[in-house]
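Read through the structure below, which is laid out as structure tokens, and then see the notes.
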Amino acid sequence: MTALALALLLPWVVGVVLLLADGRRKLVGWAAVAGLLANLGALIWLAVRVLPDGEQTIVTGGWTDGVGIVLRADALGVVFALLSSLVVLAALVHEVLEGVRSRTFPALVVLLATGLTGLFLTGDVFNFYVFFELAMIAAYVLTAYGDDRHQLGAALIFAVVNLVGSFLFLIAVAATYHVTGTLEMSEVAARMADVEPNAAILIAVTFFVAFGTKLGLFPFHFWLPAVYAGTRPAVAAILSGALANIGAYGLLRFGAGLLPNELELGSTVLIVIGSSSVIYGALLAVSRRDPAEMLAYSAIGQAGYVLVALGVGGPIGLAAAVLYAILNALSKALLFLSGALRGALVAAAFAVGALSLAGMPPAAGFLGKLQLFRTGVEEGSVALIVLLFCGGALSFVYAFQLYQHEFWRGDRVAVGTDSEKGVPAEPSGVAVRAVSVVLALLVLGLGIWPEPLLSLSADAAAVLHGGAVR
Amino acid sequence: MSVLTEAIARLLLAPALMVAGAILVKGYVDVGDGFSAAVIVTLAVALQYLVLGARRTEEEIPLLRFAPRAAIAGLLIALASGFFPLLFGDPLFSHEPGPGKRPIHVGRLELMTPVLFDVGVFLLVAGALIALIHHLAEPPELEEEGHPAPAAASPAAPAAREEASR
Amino acid sequence: MTLIFAIAAGVVFGAGAFLVLTNDLVRVVAGMVLISQSAVLVVISSGLTRGDAPILPTGDKTPSDPLVQAMALTAIVIGLAVTALLLAIVARVRATLRSLEVRELARDEAEHTAELEQSLDTMHEQLASDEAKEEQ
């Protein structure tokens, strides 16, 4: 219980206090890193307790169940919280080493991590919305971060589109409360079965649209490329590696956890939307030349895989969705961070990320693709396997196109308006490169020794279908 | 702005503050809370900004400079009064003195930790809103560097309201 | 009653959506405010019950649902924070572009993208010519 409260309290206090300080100073940046480390430490402590012994719950104010707000840490929430915290930490360390450019950057990153931790560890639908909005507001400000004034337009579009998504989510929460009379997730799940099917489907669709917007799925993706392409690499890494997890987690928790019947009903739709997302993202990624834009379109495609796995459903499909979301977040963060650097070993780190994205062994992304193939085989659908294969092949093409553009040509060629011609940049600092290399080693390590990750994702998925592991 | 509006705006400030104080304190016996008190204070201050302009208002009420710091202090107070039961191993957001025990009375005011929480919310909301008005009253100059502070202050606001509202 | 609320929320949401699609950035922000208010309306309508004040139920009547008010208040505050944020971004857009029009914003972005593409093109050409030289 203490770990759960501390994981929330520590980054919150640190983030708020840091708002006062000038974030451009190194010391403040490192204080923020310390805050995130504390958060990560508390989460690991929590994970060590939760994974073997099952979920932990706090009901605020010592009220009886159903009255107080419930904070609940189960395997699924803890896994996503750990992942997001890790990605945010890596991005923050990267940016602090590179030099922070804005007063509020470290504080905002820590507050974003607070919001993410809170929403992954809450057992209350409305509380989820509140923490979600905390994380999103921090993200809106972060996208406007940087020197590029052209970024403002993207930030505005990002904010407006995602706010509409948030309010749709709020409307769906209110509707859920109206039909079930409770906000506690497990209660909602229990009572949802008796709700009139039409209302339940409407609620499920609204939730789907809200999370699809966050995740940047195919029909709701239009804001995504401009935002990812224009921000600083650290912010892009946070957006794609941590914030996009909200979408994946939300679809899993609300779809498979709270509305399983509606999920099953809409499984064909989900698979179709997911497949079009995969193909659309991959095709456009191949056609792009700006690395950041290429990665942005690839993010749309990768989100599609999660949706396909979710649509297939069942223990294997859900475990694959969790696993794929984890691996995708790690490799995307790695690619965005290392893509901005130059020097020894960075190219290798980037290559690991690219391999992982393309799903080639020994990088960890291979596991994700493998699990997806397994779901395809399980489903017995040839079309699905062909789709997965095509998507994988295309992602291989763009990942290495990217690698070639970025590293093969030798000197770094800075992209941007100010570089009319290629300007060879100096190799980045050793410490910054080390961050990317550590992330790369993590991705590689998970690929070589996959058992912990596999059992982790199976545990997390077991929370949703409530069944036996594997 | 006519002389009349200016006079009224000046006259309204003190009563508005008093009403806000009353609403803040009344919250535990009657209708009221830190949030509405803060909104009333902010409305009174906003009227000053409208009538006198940003510069003169801030000259006349130098306290307004501390608005962002008040917001942060308020959020910390609110967090502290929500999370302190952790020290005693009680569930979060329990209050002291607990249910059934007699709180300390000062006149008709009952002193217990939720009052502290509402004071925190009051400071947070008033501080954040006044900082916002300050920045919107003097929008950033053309091509000026620097981040708009209201944007920085706002993530804190929903967070604290989350506890306040239930 | 629920029907009236539903119609009101729908109208407010529609008006908000209309404003978001206009050319004026301030109207876009106003549209977002309206959309957030329609969400608040839905929240209120989700638990409309008549009854005693829930703080001190007398026992004659069932108390009304207190949760709705708390949720609506929270939603309003979040809407407020979000409005502040949007206004801050719009103020910055005005400061940098000297305009409050969505079209201007889009034009600026399109120009920027074109510049970027061009710089990429020249970069690729140069790299190609470098390679050609090396081969010779």
Side-chain angles (χ1 to χ4, degrees), chain A residues 67 126-127 129-130 132-134 136-138 140-141 143-144 148-164 166-179 181-183 226 229-230 289-290 293 405 409-411 413-423, chain C residues 2 9 13 16-17 20 25 28-29 31-32 35-48 65 67-68 70-72 74-75 78-79 81-82 85-86 88-90 92-93 95-97 102 104-106 108-109 111-113 115-124 126-127 130-131:
Chain A
V67 180
F126 191 77
N127 203 16
Y129 168 72
V130 173
F132 161 93
E133 209 55 70
L134 173 63
M136 289 312 289
I137 291 178
Y140 301 144
V141 185
T143 46
D148 191 359
R149 73 191 179 95
H150 305 283
Q151 194 41 35
L152 277 178
L156 194 68
I157 293 168
F158 175 59
V160 168
V161 171
N162 277 283
L163 280 175
V164 174
S166 300
F167 291 129
L168 281 177
F169 178 76
L170 181 59
I171 288 173
V173 168
T176 310
Y177 181 65
H178 187 66
V179 295
T182 178
L183 288 170
R289 280 182 305 181
D290 178 25
E293 222 175 319
H405 276 304
R409 305 272 201 184
D411 290 334
V413 188
V415 175
T417 40
D418 49 351
S419 59
E420 292 298 315
K421 289 173 185 171
V423 183
Chain C
T2 310
F13 193 100
V20 167
L25 281 177
V28 171
V29 176
M32 289 313 297
I35 289 180
S36 81
Q37 293 311 311
S38 86
V40 172
L41 273 179
V42 176
V43 168
I44 293 174
S45 70
S46 71
L48 276 182
D65 188 349
L67 200 59
V68 175
M71 285 199 288
T74 313
I78 291 180
V82 159
L85 173 78
L86 284 175
I89 296 181
V90 169
R92 254 191 119 191
V93 169
T96 50
L97 283 187
V102 178
E104 282 289 308
L105 203 62
D108 182 66
E109 211 170 303
E111 274 173 13
H112 178 63
T113 319
E115 273 172 29
L116 205 74
E117 293 272 309
Q118 213 178 2
S119 76
L120 275 171
D121 274 342
T122 49
M123 183 183 103
H124 282 279
Q126 203 190 356
L127 285 169
D130 285 354
E131 268 167 27

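Bear in mind the structure is a predicted one, so any value in this text is a computation, not a measurement. Here is the naming used below: chain letters follow the sequence lines, and residue numbers restart at 1 for every chain.
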* Asked: How long is the span from the CD1 atom in C:Ile35 to the CG atom in A:Leu170, to the nearest 0.5 Å?
  -> 12.5 Å
* Where does C:Val43 contact chain A at under 4.5 Å (heavy atoms): side chain, backbone, both or neither? -> both
* Hey, are the side chains of A:Tyr177 and C:Met71 touching, using non-hydrogen atoms and a 4.5 Å cut-off? -> yes
* **Region of A:Val179 in contact with chain C, defined by heavy-atom distances below 4.5 Å** => neither
* Asked: Given that the side chain runs from C-beta out, which part of C:Leu25 has a heavy atom under 4.5 Å from chain A: side chain, backbone, both or neither?
  -> side chain
* Do C:Leu86 and A:Leu163 have side chains that get closer than 4.5 Å, going by heavy atoms? -> yes
* Asked: To the nearest 0.5 Å, how far apart are CD1 in C:Ile78 and CE in A:Met136?
  -> 12.5 Å
* Work out which heavy atom in C:Ser46 is nearest to a heavy atom in A:Ala174; give both atom names and the distance. => CB-O, 3.2 Å
* What are the two closest heavy atoms between C:Ser36 and A:Phe167, and how far apart are they? -> CB-CZ, 3.2 Å
* To do: Check whether any side-chain heavy atom of A:Phe126 lies under 4.5 Å from a side-chain heavy atom of C:Leu67, and answer yes or no.
  => no
* Who wins among C:Thr2, C:Val42, C:Val29, C:Leu48 for the most heavy-atom pairs under 4.5 Å with chain A? -> C:Val42
